[in-house]
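Reviewing the structure listed below.
Residue numbers start from 1 in every chain, and the chains themselves are labelled A, B, ... in the order their sequence lines are given, proteins ahead of strands. What you see is a predicted model; the values in this text were computed from it and never measured.
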Amino acid sequence: MLSILLAGCSTNLQQPIKQTSTQQSNRQAGKQISFQRDKGNCLACHVIEDGEDPGNIGPALKNIATRFKNKAQLKALIADATQFNAQTSMPPFGKNKILTPQELDLVVDYIWSLN
Amino acid sequence: MKAHLKLTFLCLQLLIGTIWATPATDRQKIRAYYQQLFPQLTLADYADGVYAIDPIAKSSWLAIEEFPPYEIALEQGKTLFKQAFTNGKHYADCFPNQGIAIAQNYPYWDTATQSIITLASAINNCRRQNQMPPLSYGAGEITQIMAYMAYTSRGKRIQTDIPAQSSAALAAYEQGKAYFYKRRGQLNFSCASCHIDNAGKYIRSEMLSPALGHTTHWPAYRLNTGEMSTLHRRFEVCNELIRAKVDPAQSKALRQLEYFLSYMANGLPLNGPATRK
């Protein structure tokens, strides 16, 4: 009984630490995919943090959590922006498989974190 | 009832669209759009491509033009143009006015073959008529010959028109226009996405040029590659950029595209050969 409680305690204690470090490495991976020319290449059109040579076709990406209700909504836009604006110049990253589902999730995590 | 009304309305719109969307009104609309976007430009300014709208790039371009990097190609082109074919004939024998100051008349609709003749395709037609192997279209010798022909045509105004009586010519124009506006490739861009909707904006560090004036200045020496390059090669590059199927230089599709763009640019002065990033 005690050991179960203790075990519960220890996982509870460990989890936040573990999560923070995965979150951070996910953020790093998401950033890399977003910036890389042959992946997201989001910098082609958006100012993002310290990214070099950004274009200005789309708006600067910041305060994202105030612009979208939740991650799912953000993901839907990145996956297929043409759904929301038929005239958009933004490529449909999910629909046209420009990014894999895993890459898309990492990009969403990263973009969501921008404030 | 409501749906019925909607349908009637749609039909009406389509009808008006087809009646009114003549090439001449297409051209008016495109020019009015750019005029609003770049009120500081005259029509002739569009012959300078992105340099007409990017003052910083323009000043480095003007410095480069002091010793134009296309000069060698121009000299070689002059020599090649004057060289006799093995049968003793010359390029001059194939063209009106011996091939001098005529680039503004291309591309044109050829009633005999019911097809669009571009200057590049006319050069190869000339070679074939004289039992010479055709030149490859993207780079090399053809760019040199075209550089010379363009140079003798500097200042002449583009004369691309659509013969009023030819429905086939009109259809070719319409196909070129459709190509220009159709989204394609994995990245889902049309030519218009970049060169109409986003002209003047930056994609990474590259400013996007207006489509008006795209046909004025070929061939161009590309500073990025250090080579002379043709208009159709540039079409290929842009299609590669958006991961689309790359239609080959001088394919029917690209000749139609050139016809459309050249019709938009009717009246603009030619200023090739040129230098571009």
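- Between the CD1 atom of A:Ile98 and the CG atom of B:Leu187 there is a distance of 5.0 Å, given to the nearest 0.5 Å.
- Contacts between B:Ile242 and chain A at a heavy-atom distance below 4.5 Å are absent for every atom of the residue.
- Under a cutoff of 6.0 Å and an axis angle of 45°, B:Arg31 and B:Tyr46 do not form a cation-pi pair.
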Please step through salt bridge (charged side-chain N to carboxylate O under 4.0 Å, His left out) for the pair B:Lys277 and B:Glu206, ending with a clear verdict. CA-CA 9 Å; B:Lys277 239 199 326 195; B:Glu206 209 71 57; 3.3 Å; yes
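- Highest contact tally toward chain A, considering only B:Arg243, B:Arg183, B:Met207, is held by B:Arg183 [criterion: heavy-atom pairs under 4.5 Å].
- Only the side chain of A:Thr82 has a heavy atom closer than 4.5 Å to any heavy atom of chain B.
- Taking A:Asn56, A:Asn96, A:Asn41 one by one and counting their heavy-atom pairs under 4.5 Å with chain B, the maximum is reached by A:Asn56.
- Taking the six-membered ring for Trp and the full ring otherwise, the centers of B:Tyr263 and B:Tyr173 sit less than 6.0 Å from each other.
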